Every structure is written in C-alpha cells, then in structure tokens.
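Just below is one structure, and these are the notes that go with it.
Below, all heavy atoms of this structure are taken into account, side chains as well, without hydrogens, waters or symmetry copies. Since the model is a prediction, treat every value here as computed from it, not as a measurement.
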Amino acid sequence: MKHFKSLSEMHRENGLAAPEHPMLSLLRVTPGLVLNFKEFTCDFYMIGLKNIKAGHWLYGRTRFDHEKGSMVFWKPRQVIEINNLELEEDGYIVLFHEDFLLGNALQEEIQKYAFFDYETDEALHLSPKEEKVIARLFESIESEYTNNQDEFSKDIILVNIHSLLKYAERFYKRQFINRKELSGKTVTAFNKLLDSFIREEKFLKEGLPSVAYMASALNMSPRYLSNALKMETGKTAQELIHIALITVAKNKLRESADNISEIAYSLGFENMSYFSKLFKKEAGKTPKDFKRMFLN
C-alpha cells in the first residue's frame, strides 16, 4: 500500500496539478471531475465538503455512499480510498501536512476533535444554511491559497481551518440532538449489550469490556459511540462501563464470601490497584471499607 509523505507526491501520483504550498493543498472539485485515489495512507489531515453524485469514499476500511451535504475528515496514517468519486455540485477538499501545524496551538487542539476518528457512515450532514457557513470558510482559504501568499497567509488559513473545526463540532452536536431517537436506541442497545456481557460472565474469558469491543458490536466507531452516549446520558461509554462493573462489584462484596481480589478477578480486573482506585472513585469508599460495612 502506498504511503504519501508529501502532498506533491500524492498530487503527482494521481494526475493533479502541483499544490501551491508544500504543506497545504486545496482541491476545488467541480461537476464532471472524477477523483480516483488508490488505497493509501499519508501524513496529512483532510477536511472535505461534497455532494456526491456517484462513487464512494473509503476511510478506515469502511465504505459509505454519502448523502447530500456531507462533511468528512481524515487524519494521518488512516487507510483511504476514493473510487470514481463524482460530485453533483462544487465541493472542496483541503489537505494539510501535520507539520503545517507546528508552532500553532491547533497542533495540540486538533487531537481533541473526535470526528477525525469517526467512520464514514458517521459523517456530518449539513443543512443548507450550515453548508453556506462552511463554504464561506473554504472560499476564504481558497482566496489565500490561490493568491500570492505572504507572511500573513499561513496564519489566516489556520484561523479558517480552526473555524471549520469549531463549526463542525457545533454542527455534530446538532446532529446528535436531531437524531435523538437514534441516540436513544444507541443507549438501549449499549445497555443491553453490557447487561448481556455481565450476565453471561464473559469477564473470565474476555477480560474487561472495552469501548472498542462495545463499539464494534454496535457497528460504530468508539469515539462516535462515546459522543452519542454523552449527549444522551451525560456519561461516556467508558464511564458507563465502569459504573456497571462497580455496581456488580458492590453486590458481590455485599453478598459473596469471596475475598476482594477474587471478586476483582471474576470481573476481569487483573490489576488490584486499578480495581481499588476505580471502585473508590465510583463508590466513594475502598472495596475493603465497603465490605467491612456489611461484615459489621
């Protein structure tokens, strides 16, 4: 599989004009232009706005044929493929090397945006009004990118990229709220899966239930699952797993004659200090103090 370290190499390999900046590329995708990128990985971030007419976009080995008004994101070193992608209207794709962020606060902040870890079927769907907001920011980037760049260009482009990410975060929250029924079903499915895991005592064979395990079983990315649960319950997937495990641990400590280490092991905890720390965080007491309450 091809790995692109530079934008110029990626452009050249795919028959595109050389980028205007060695670490930044803006593709204006017009109707009739068909994009084909063989499966690859790279050292770039990507933010795209597009209305697909035909073809598909693959990210993290998940395929999805997007509906209108989609915004998608990728981060460095993910598996990507673009196959016969044709748009109904104008679209934008901005690519920037991770080193383009060096020395800027966005270098650290960009790690906090969960949607870079979403799968393609968790893309952001924009209303017409939201799409205009995003398009204006792309147009501002385009203006700086295509004109003679000077000492201010990079900062102005980064400000607009930062704004794109902030608006995307806002619009994703709106998407979660608007799809509350779907989010409610996600919570129900998550709780059902977790209850089944606990009831069938899968801890002994599989250890602690991870967010990745739960997300995979629900056909979601871990970050999207946590964000959907957070919007609906106020708790992340990891927090809900911990609460469920400590609830079981409380019952066992109260009713079982097993010692604390045996109970911790039966729930999939191999590290006693981790179990004790988590128990105290959720229950307000150490496992030893909690068990002593019922012995007395």
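Ring orientation note: the planes of Phe73 and Tyr172 are tilted relative to one another, at an angle of 30° to 60°. The aromatic rings of Phe100 and His21 stand perpendicular to each other, their planes meeting at an angle above 60°, with 30° marking the opposite boundary.
Remark: Lys5 engages no residue in a salt bridge (Lys or Arg N to Asp or Glu O under 4.0 Å) (not counting sequence neighbours). Applying the salt bridge (Lys or Arg N to Asp or Glu O under 4.0 Å) rule to Glu151 yields no partners; only residues at least two apart in sequence or on another chain are considered. By the ring-ring contact (aromatic ring centres under 6.0 Å, His included) test, Tyr113 pairs with Phe115, sequence neighbours left out. Residues passing the salt bridge (Lys or Arg N to Asp or Glu O under 4.0 Å) test with Glu9, sequence neighbours excluded: Lys2. Legend: residues meeting side-chain contact (heavy atoms from CB on, under 4.5 Å) with Asn104, ordered by chain and number and at least two apart, are Leu106, Leu158.
Using a 3.5 Å distance cut-off with no hydrogens or angles, the side chains of Glu142 and Thr146 do not pair a donor with an acceptor.
Of the options Leu253, Ile246, Val248, Thr247, a side chain to side chain contact (heavy atoms under 4.5 Å, CB included) to Lys250 is made by Ile246 and by none of the others. Of the residues listed (Trp74, Tyr45, Tyr145), the one engaging Phe96 in a ring pair (Phe, Tyr, Trp, His ring centres under 6.0 Å) is Tyr45, and it is the only one.
Residues Glu169 and Lys112 are not paired through a salt bridge, judged by the lack of any N-O separation under 4.0 Å between the basic side chain and the carboxylate. With respect to the salt-bridge test (charged N to carboxylate O, under 4.0 angstrom), the residues Glu262 and Lys252 do not qualify. Here Lys192 does not pair with Asp195 in a salt bridge; the nearest charged N to carboxylate O distance is not below 4.0 Å.
When the side chains of ILVMFWY residues are joined at heavy-atom separations under 4.5 Å, either directly or via intervening members, Met231 and Leu229 end up in a single hydrophobic cluster.
Evaluation of the salt bridge (charged side-chain N to carboxylate O under 4.0 Å, His left out) test over residues 266-284, restricted to residues two or more places apart or in two chains, returns none.
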Stepwise side-chain contact (heavy atoms from CB on, under 4.5 Å) test for Lys173 and Asn227: CA-CA 9 Å; Lys173 288 188 177 181; Asn227 286 354; over 6 Å; no
Assess the residue pair Phe40 and Phe4 against the criterion (ring-ring contact (aromatic ring centres under 6.0 Å, His included)); give the C-alpha distance rounded to whole Å, side-chain angles, the decisive distance to 0.1 Å, and a yes or no. CA-CA 8 Å; Phe40 68 95; Phe4 295 110; 5.5 Å; yes
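The neighbour count for Asp150 CG, taken as heavy atoms of other residues, nucleotides or ligands under 6.0 Å away, is above 12.
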